[in-house]
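All figures in this text were calculated on a predicted structure; none of them were measured in a lab. Indexing begins at 1, ligand by ligand and atom by atom, following the structure's order.
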Amino acid sequence: MNYITVHDKTFQPFLSEGEIQEAISRIGTAISNDYADKTPLFIGVLNGAFMFCSDLLKSVDVPCEVTFVRLSSYNGMESTGEVRSVVSLQEDIAGRDVILVEDIVDTGLTMQKALANLGALNPSSIEIASLLVKPDCLQCELDIKYKGFEIPEKFVVGYGLDYDGLGRNFKDIYQLKQE
Ligand code: 5GP
């Protein structure tokens with residue numbers, strides 16, 4: 001097995017580049033069908049979703065726009081439960097069809113806060129597209145319309161996801177190895 005080391009931890013292969021791209025292509029097709037007569041505005045949540053957002057847009061074939069916000073709730077491998085907005089939205093989203101693009105939904109608190117904040121700006125619609133979801137960790141009701149994979153409650157890195165800043169550059173996704 002091709003283990004990787006990030007900081008002090010060892011990770012094992014979990015989702016391959018091929019599996020990831022296949023899931024993204026499926027989501028892109030679904031979005032293209034659902035927004036056939038619309039011009040959605042994708043809002044990528046930095047930093048983790050930058051790679052997913054980039055590949056997702058390439059698989060969408062309706063006219064669309066993209067922008068980014070930066071939210072933060074994680075410290076190392078723990079969700080702090082407190083969501084901070086670090087870079088806020090510059091665009092006017094009133095009347096727009098917004099698709100929030102997230103790398104992973106864990107407790108769901110980040111997306112819940114983002115939905116509340118963006119919802120107050122009167123978009124025409126808001127949906128969530130998340131590459132990964134940890135259903136066992138959800139702490140709130142969240143309707144995630146577009147999701148790539150439901151995964152177990154284990155820390156993952158790669159494909160944009162980091163462990164204390166490192167590991168985002170891997171093409172595949174790796175899971176924390178059992179000690
Ligand atoms: P939530 O608010 O849903 O608990 O957390 C969402 C954020 O936590 C994600 O955007 C991501 O930054 C981080 N996160 C949650 N689980 C993981 C994980 O397994 N690996 C990494 N690298 N980040 C995670």
Colleague: Decide whether the shortest distance between a heavy atom of V157 and an atom of ligand 1 is less than 4.0 Å.
Modeller: no

Colleague: Are more than 12 heavy atoms from other residues, nucleotides or ligands located less than 6.0 Å from atom NZ of K171?
Modeller: no

Colleague: Examine distances only and state if a side-chain atom of S25 and a backbone atom of Q21 form a donor-acceptor pair shorter than 3.5 Å.
Modeller: no

Colleague: Determine, considering heavy atoms only, which of A49, G108, G48 sits nearest to atom 3 (O) of ligand 1.
Modeller: G108

Colleague: Are the charged groups of E91 and R96 less than 4.0 angstrom apart, N to O?
Modeller: no

Colleague: Does D97 have any salt bridge (Lys or Arg N to Asp or Glu O under 4.0 Å) partners at least two apart in sequence or in another chain, and if so, which?
Modeller: none

Colleague: Answer with side chain, backbone, both or neither: which part of K134 has a heavy atom less than 4.0 angstrom from an atom of ligand 1?
Modeller: side chain

Colleague: Can you tell me which portion of D103 lies within the under-4.0 Å heavy-atom range of ligand 1? Options are side chain, backbone, both, or neither.
Modeller: side chain

Colleague: How many angstroms lie between CD in Q175 and CZ in F11, if you round to the nearest 0.5 Å?
Modeller: 10.0 Å

Colleague: Which of the numbered atoms in ligand 1 are under 4.0 angstrom from any heavy atom belonging to D162?
Modeller: 21 (C), 22 (N)

Colleague: Going by the order shown, which atoms of ligand 1 are within less than 4.0 Å of some heavy atom of T110?
Modeller: 1 (P), 2 (O), 5 (O), 6 (C)

Colleague: Please determine whether any non-hydrogen atom of Y163 lies less than 4.0 Å from an atom of ligand 1.
Modeller: no

Colleague: Tell me if a side-chain donor or acceptor on S32 pairs with a main-chain N or O of D61 at a distance below 3.5 Å.
Modeller: yes

